[in-house]
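Numbers for residues simply follow the sequence, beginning at 1.
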Amino acid sequence: MSNLIKNIVRFCLFILVQVYVLDQIPPLHQLITPYIYFLFILWLPFKMNRLVQMILAFILGFTLDCFTNSFGLHAASCVLIAYVRPFLINLLISQEGVEKNYNEPSIQSLGFTPYFTYVAILTFIHNSFLFFLQALQTGGFFYFMVKSLSSTAISLLLVLLIELIFVRKQRFRTNTA
């Protein structure tokens with residue numbers, strides 16, 4: 001399957017699961033809201049241009065905003081993690097040439113600890129920024145912090161479960177020229 005078709009299918013599936021499954025779960029005391037749709041951004045190929053990543057992130061977030069009537073909150077959060085993502089990948093990749101030998105970030109390409117760190121940091125950034133923008137409307141620093149941390153923990157758990165259940169097979173490319 002080509003990368004374009006694979007990413008279109010991922011985009012549609014993540015939006016559908018977020019809107020029709022996870023958004024239908026009533027929040028626990030308004031403190032936990034699980035999000036996994038941004039995993040589409042985290043799984044984008046290493047070699048993708050940052051501008052293209054940010055445009056795709058905006059489209060992803062805007063699509064979810066259209067379904068949830070959240071007026072750009074998801075779009076802003078997605079663009080932020082798409083902007084931070086290449087910096088984080090450069091910090092976490094300890095092996096020279098991983099991005100040349102593998103197509104996209106995964107446990108297999110980065111190793112468990114760097115991949116978990118990568119996912120945890122971007123999940124926290126996404127949730128914190130999203131809930132910060134919501135807190136500007138409602139107020140309450142304590143509410144913002146508790147909701148950010150608890151939703152990040154649940155989202156991270158869901159992301160790791162998805163990663164373990166739906167193993168993405170990647171080939172190690174020995175000819176990197």
Please round to the nearest 0.5 Å and tell me the distance separating atom [atom1] of [X] and atom [atom2] of [Y].
{"X": "Met54", "Y": "Leu80", "atom1": "CE", "atom2": "CG", "answer": "8.5 Å"}
{"X": "Leu4", "Y": "Lys6", "atom1": "CG", "atom2": "NZ", "answer": "11.0 Å"}
{"X": "Thr33", "Y": "Ile25", "atom1": "OG1", "atom2": "CD1", "answer": "10.0 Å"}
{"X": "Ile89", "Y": "Leu110", "atom1": "CD1", "atom2": "CG", "answer": "7.5 Å"}
{"X": "Lys47", "Y": "Asn3", "atom1": "NZ", "atom2": "CG", "answer": "11.5 Å"}

Parallel, tilted or perpendicular, judged at 30° and 60°: which one describes the rings of [X] and [Y]?
{"X": "His126", "Y": "Tyr35", "answer": "perpendicular"}
{"X": "Tyr83", "Y": "Phe87", "answer": "perpendicular"}
{"X": "Tyr118", "Y": "Tyr115", "answer": "tilted"}

Side chains of Thr152 and Asn127: donor-acceptor distance under 3.5 Å anywhere?
->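 Indeed, the side chains of Thr152 and Asn127 share at least one donor-acceptor pair under 3.5 Å.
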For Ile41, which of Val79, Leu56, Ile81 qualifies under side chain to side chain contact (heavy atoms under 4.5 Å, CB included)?
->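 The residue from Val79, Leu56, Ile81 that satisfies side chain to side chain contact (heavy atoms under 4.5 Å, CB included) with Ile41 turns out to be Ile81.
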Quick one: which of Ser70, Ser77, Ser148 gives a side chain to side chain contact (heavy atoms under 4.5 Å, CB included) with Leu130?
->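 Output: one option passes, namely Ser77.
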Tell me whether [X] shares a hydrophobic cluster with [Y], the cluster being built from Ile, Leu, Val, Met, Phe, Trp, Tyr side chains joined at under 4.5 Å.
{"X": "Ile59", "Y": "Val17", "answer": "yes"}
{"X": "Val21", "Y": "Leu16", "answer": "yes"}
{"X": "Phe112", "Y": "Ile162", "answer": "yes"}

Side chains of Phe58 and Cys78: closer than 4.5 Å at any heavy-atom pair?
->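 No - every pair of side-chain heavy atoms lies 4.5 Å or more apart.
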For Thr117, side chain to side chain contact (heavy atoms under 4.5 Å, CB included) partners two or more places apart =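 Side chain to side chain contact (heavy atoms under 4.5 Å, CB included) check on Thr117 returns Leu92, Thr113, Ile121.
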Would you please name every residue forming a side chain to side chain contact (heavy atoms under 4.5 Å, CB included) with Leu51, sequence neighbours left out?
->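 For Leu51 the side chain to side chain contact (heavy atoms under 4.5 Å, CB included) partners, ignoring immediate neighbours, are Asn49, Ile55.
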Centroid separation Trp43 to Phe11 less than 6.0 Å |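 Centroid separation for Trp43 and Phe11: 6.0 Å or greater.
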Is the centre of the Phe67 ring less than 6.0 Å from the centre of the His74 ring?
->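 Phe67 vs His74: aromatic centres not under 6.0 Å.
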In terms of side-chain geometry, is the basic nitrogen of Glu104 or Arg85 positioned less than 4.0 Å from the acidic oxygen of its partner?
->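 Answer for the salt bridge query: no.
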